[in-house]
Amino acid sequence: MTDLIVTINAGSSSIKFSVYRIAQGQLTQLALGQIDGIGGKAHFAVKKTGGEKTGYDFDQSQGAVDHRVALAAVLDWLESEGDGANVVGVGHRVVHGGPIYSEPVRLDDAVLAKLKSFEPLAPLHQPFNLAGVEAARAAFPGAPQVACFDTAFHRRHTFIADTYALPRAYYDEGVRRYGFHGLSYEFIHRILRHEEPVLARGKVIVAHLGNGASLCAINAGKSVGSTMGFTALDGLPMGTRCGQLDPGVVLYLMEEKNMSAAQITDLLYKNSGLKGMSGISNDVRELEASDAPSAREALDYFVSRVRRNIGGLSAELGGLDCLVLTGGIGENAVNVRRKILENMEWFGIQIDFDANARNERIISEKGSPTVVLILKTDEERMIAAHTAELLDLKKPLVPPLE
Ligand code: ADP
C-alpha cells in the first residue's frame, strides 16, 4: 500500500487537488487534478506526474455535482489507480485562520465551528473551503484532516503592523490587516533557508506576483508586514482586483452611483486591476501583446505600485538583503520584472539584465547590495508538507520539501 497525502483547494465552482506519496520522509507528487463546473456542467481532469492529462464529464443524470460528489470522484480515481491507495492525511487550503491560528491545525468539529465563524471575513472563499473540508471528511473518513491557512504566516505581526487607524473596538472584533498568500511565503522562505541560509536570516521581501499579487516583508524568518490587509483586495493591483483604494471611492460609488454592496464587490474583485484598467484582459501576456495604450497603462500602473510598495516595506525593514520574485508574473514576465527592477541602483538593486532575460535563479549583479532571486512557489507542496509534519508522519520534512 502506498501512503498518500491529498491536498485540496476548494472554491465555489472548482476543486483543485494534488496527490503526494509519502515514503522515507520524502514527498513525491504523483498527480494534480481539478474538478470544474461544480453546481453546473462538471468536469474531472487529472494529470499524473510525467503523464498525459485525462478527464471526463460527470454524469448529470444522478443530480447536481456538489463538493461531496466531486471529492467522492477523487477517491474513486485514486482507487482505480490500483495499487491500494492509503490516504494518511488530507491537507486543506483554508483562506482564513482569523486572529487565532498562526499554524496549521488538525480539523475536528470544534475547529471547524471556529473556522465557520470567520466566514464573514472571507465570504467569497471561506464557505467553499469549508465545504471542501466537509466533503473530504465524508470521502476519506479514516484520514485526519489538516487546515493550512493563507493568513497564518502573518499572525505574529505587531499590533502596529496589524491595525487600521480606527477606534480600537474594530481591531478587537477582528478588523485587522491579516495578509494572505502565506503558504506561498512560507514555501519560498523554506527554500531560501535551505539554499541561501545567510540571506534567509536577513531582511527579505517576497513578491508573489500572480493573478493575485502581494508583497511580504520577512525579517529573520518572520513576516513583519504585507501589502494585503483585511481582505485580499488591498495592496497591489491584481489581475481583476483593484489593490489599494481610497475608501472614499467606495463611499462615492454608494452615494453618488447608488451601487449596492454586491455591485461594488463585483467591481472591486472581478472587474478592476489589470482587466479593469486595460479593458482587455487580466493576463499579462495578452497585455504585453496588445498595442492599446490602456494595456500599457495597466502594466505601468502595476509596475509603479510594486516599486512603491517595495520601497515602503524596505523602509519598515530598515534595509533589504534579498528580494524574491515568484508567482506566474514574478517567475516568467521578463519585461515586467525588468521595469520593476531597473533604475534601482540608488536603492541597492543592481539588476543583471541578461540574467533577467534568461530567467536565471539570481538576476542581480554580483556584489549588488540586494540579491534578487526568482524562485518558483508551490503552495500545494507546502500544504502537503504541513500536513505530514502536523500528523508527525515525518519530522522535519523540510528542506528540501521532497
Ligand atoms: P494564480 O494567482 O491564478 O495562480 P499565476 O501565478 O499562474 O496565477 O500567474 C498568472 C499570471 O502570470 C498571468 O497574468 C500571466 O499572464 C502571467 N504569466 C505567466 N507566464 C507568463 C509569461 N511567460 N510571460 C508573462 N506573463 C506570464
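Remember, it's 1-based here, ligands and their atoms both numbered in the order they're listed. Keep in mind that the numbers below use all heavy atoms, side chains included, and drop hydrogens, waters and symmetry copies.
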Output, in order, the C-alpha distance, side-chain angles, deciding distance and verdict of side-chain contact (heavy atoms from CB on, under 4.5 Å) for H92 and N129.
-> CA-CA 8 Å; H92 296 269; N129 298 160; over 6 Å; no

Per-atom contact, atom 14 (O) of ligand 1, protein heavy atoms, under 4.0 angstrom | yes

If hydrogens are left out, which of [options] has an atom nearest to [atom], that is, the closest non-hydrogen atom?
atom: atom 24 (N) of ligand 1; options: R285, R337, E331; value: R285
atom: atom 10 (C) of ligand 1; options: V336, N332, N211; value: N211
atom: atom 6 (O) of ligand 1; options: G328, A289, A333, A213; value: G328

Indicate yes or no: does an N/O atom of [X] lie under 3.5 Å from an N/O atom of ligand 1?
X: I329; answer: yes
X: V284; answer: yes
X: D283; answer: yes

Verify the neighbour count for atom OH of Y252: are there more than 12 heavy atoms of other residues, nucleotides or ligands below 6.0 Å?
->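 Incorrect, the count does not exceed 12.
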
In chain order, what residues pass the salt bridge (charged side-chain N to carboxylate O under 4.0 Å, His left out) check against R338, with sequence neighbours excluded?
->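 Only E342 meet the salt bridge (charged side-chain N to carboxylate O under 4.0 Å, His left out) criterion with R338.
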
Could you pull out every donor-acceptor pair under 3.5 Å between side chains of residues 263-272 and any protein atom, sequence neighbours left out?
from, atom 1, to, atom 2, distance (Å)
Q263, OE1, S260, N, 2.8
Q263, OE1, S260, OG, 3.4
T265, OG1, A261, O, 2.7
D266, OD2, N271, ND2, 3.4
N271, OD1, K275, NZ, 3.1
S272, OG, L267, O, 2.5

Would you mind running through ligand 1 and noting each atom that sits below 4.0 Å from a heavy atom of G212?
-> 2 (O)

Give the numbers and elements of all ligand 1 atoms closer than 4.0 Å to a heavy atom of N282.
-> 14 (O)

Within-4.5 Å side-chain heavy-atom neighbours: E316 and N219 =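 A side-chain contact is absent here, since even the closest heavy-atom pair is not under 4.5 Å.
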
Validation row, ring centre Y171 to ring centre F159 under 6.0 Å | yes

Only one of V105, V94, L183 passes side-chain contact (heavy atoms from CB on, under 4.5 Å) with C148, and that residue is L183

